[in-house]
Amino acid sequence: VLVAVADGSIKGIKSIQNLTKNDQMELSPKNKYIVYSSRQNENSKNNDIYILSVDGTINKKIISNQADDNSPYWSPDGKEVLFITDRFGTHDLWKIKVENGSPIGNATSVKSNISSKKRSLLGITNDNAIFYATNNVRTDIYIVNLEQGDNMNPIKISNLNTERIS
């Protein structure tokens, strides 16, 4: 569902099966596509990644395997979708190129083992840093600069006395 800020009008796009409260969606930077995670089937605990065009003409799976693929986010330029996967037994950050609502090539690893706990992407900055959270007794927030290649070291930016970091 899209809701117009100007007048509050509502436009339904598509009814999506197998969504849960934990599944995530994000609108592309140019507002043409929505990337989302959804259960592989109604009995599965694992997700796949999909793209839906805002006009409803495209709805396709872009990441599909037995692993749990979730937390999809668009890169700031809208040319890639980043996501978290556990396909190799750890929680890893991966990406896939996307053009005109279709995946280009295969997904590739960006950073292995970003967290030992359940995690979710929270956002990506214009300078290619990601924010993600891990679930434990409370949620911690980390930032990682994607331009550091294999030398990326997550920095925890949350604590009991969280401050804004500019």
Side-chain angles (χ1 to χ4, degrees), residues 1-88 90-112 114-115 118-135 139 141-147 152:
V1 174
L2 296 176
V3 179
V5 175
D7 63 7
S9 61
I10 297 174
K11 174 187 173 190
I13 301 173
K14 179 114 179 142
S15 176
I16 301 171
Q17 301 298 315
N18 301 325
L19 285 179
T20 70
K21 66 179 181 175
N22 296 321
D23 293 330
Q24 293 179 286
M25 296 184 168
E26 189 191 36
L27 190 62
S28 65
K30 293 186 179 178
N31 303 325
K32 292 177 73 175
Y33 301 100
I34 298 167
V35 65
Y36 66 96
S37 62
S38 180
R39 297 283 182 235
Q40 293 171 350
N41 61 60
E42 65 183 46
N43 298 319
S44 178
K45 292 183 179 182
N46 291 342
N47 291 316
D48 286 328
I49 308 289
Y50 298 79
I51 284 187
L52 172 66
S53 61
V54 171
D55 66 9
T57 59
I58 296 172
N59 186 31
K60 66 175 77 171
K61 192 180 292 190
I62 62 167
I63 300 295
S64 177
N65 60 61
Q66 294 301 311
D68 187 18
D69 301 310
N70 58 65
S71 295
Y73 262 88
W74 290 97
S75 62
D77 63 7
K79 294 181 179 179
E80 295 175 321
V81 171
L82 286 93
F83 61 97
I84 303 291
T85 183
D86 66 359
R87 63 183 67 187
F88 292 114
T90 58
H91 299 122
D92 307 330
L93 179 65
W94 282 56
K95 67 180 177 180
I96 189 163
K97 292 184 182 197
V98 175
E99 187 175 297
N100 298 319
S102 294
I104 304 298
N106 294 317
T108 58
S109 175
V110 175
K111 172 73 174 160
S112 299
I114 63 171
S115 172
K118 182 76 174 163
R119 67 290 147 259
S120 59
L121 288 178
L122 299 176
I124 302 172
T125 66
N126 287 334
D127 61 351
N128 286 324
I130 62 165
F131 290 89
Y132 66 92
T134 59
N135 296 336
T139 298
I141 300 174
Y142 296 81
I143 186 169
V144 175
N145 188 323
L146 297 176
E147 294 177 355
M152 291 186 280

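One-based numbering along the sequence shown.
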- [ ] With the side chain counted from C-beta on, respond yes when P76 and I124 share a heavy-atom pair under 4.5 Å apart, and no when they do not.
- [x] yes
Open item on the list: Distance check, rounded to the nearest 0.5 Å: I104 atom CD1 versus E80 atom CD?
Closed with: 11.5 Å
TODO: Kindly give the heavy-atom pair with the smallest separation between K60 and S102, and that separation in Å.
DONE: NZ-OG, 2.7 Å
Open item on the list: For a 4.5 angstrom cut-off between non-hydrogen side-chain atoms, does L82 reach S75?
Closed with: yes
- [ ] Locate the shortest heavy-atom distance separating D48 from S64; write the atom from each residue and the value.
- [x] OD1-CA, 3.4 Å
Task: Distance in Å, E26 CD paired with S71 OG, rounded so as to fall on 0.5 Å steps - done: 11.0 Å
Task: Any donor-acceptor pair under 3.5 Å from S44 side chain to N46 backbone - done: yes
Task: Distance, nearest 0.5 Å, that separates CD1 of I62 from CD1 of I51 - done: 4.0 Å
- [ ] Specify the closest pair of heavy atoms between D55 and T57, including all atoms of both residues, with the distance to one decimal.
- [x] OD1-OG1, 2.7 Å
Open item on the list: Distance check, rounded to the nearest 0.5 Å: H91 atom NE2 versus T85 atom OG1?
Closed with: 9.0 Å
TODO: Please examine the side chains of L93 and I84, heavy atoms only from C-beta on, and report whether any two atoms are closer than 4.5 Å.
DONE: yes
TODO: Give, for atom CD1 of I34 and atom CE of M25, the distance between the pair rounded to the nearest 0.5 Å.
DONE: 6.5 Å
Task: Minimum-distance pair of heavy atoms, taken over all atoms of I49 and D69 - done: CD1-O, 3.6 Å
Task: CG on N70 to CD1 on I63, rounded to 0.5 Å - done: 12.0 Å
TODO: Would you please say whether a donor-acceptor pair under 3.5 Å links the side chains of Y36 and N47?
DONE: no
Open item on the list: Within the supplied structure, the quantity of interest is the number of heavy atoms (other residues, nucleotides, ligands) at a distance under 6.0 Å from K61 NZ; does it exceed 12?
Closed with: yes
Task: Other residues, nucleotides, ligands: >12 heavy atoms within 6.0 Å of N106 CG - done: no
Open item on the list: What I'd like to find out is whether the side chain of V54 reaches to under 4.5 Å of the side chain of Y33, using heavy atoms alone.
Closed with: no
Task: Parallel, tilted or perpendicular: ring planes of W94 versus F83, cut at 30 and 60 degrees - done: tilted
Open item on the list: The test is side chain to side chain contact (heavy atoms under 4.5 Å, CB included); show your working for W74 and V81 and say whether it passes.
Closed with: CA-CA 5 Å; W74 290 97; V81 171; 3.8 Å; yes
Open item on the list: Any side-chain to backbone donor/acceptor pair from D68 onto D86? Under 3.5 Å, distance only.
Closed with: no
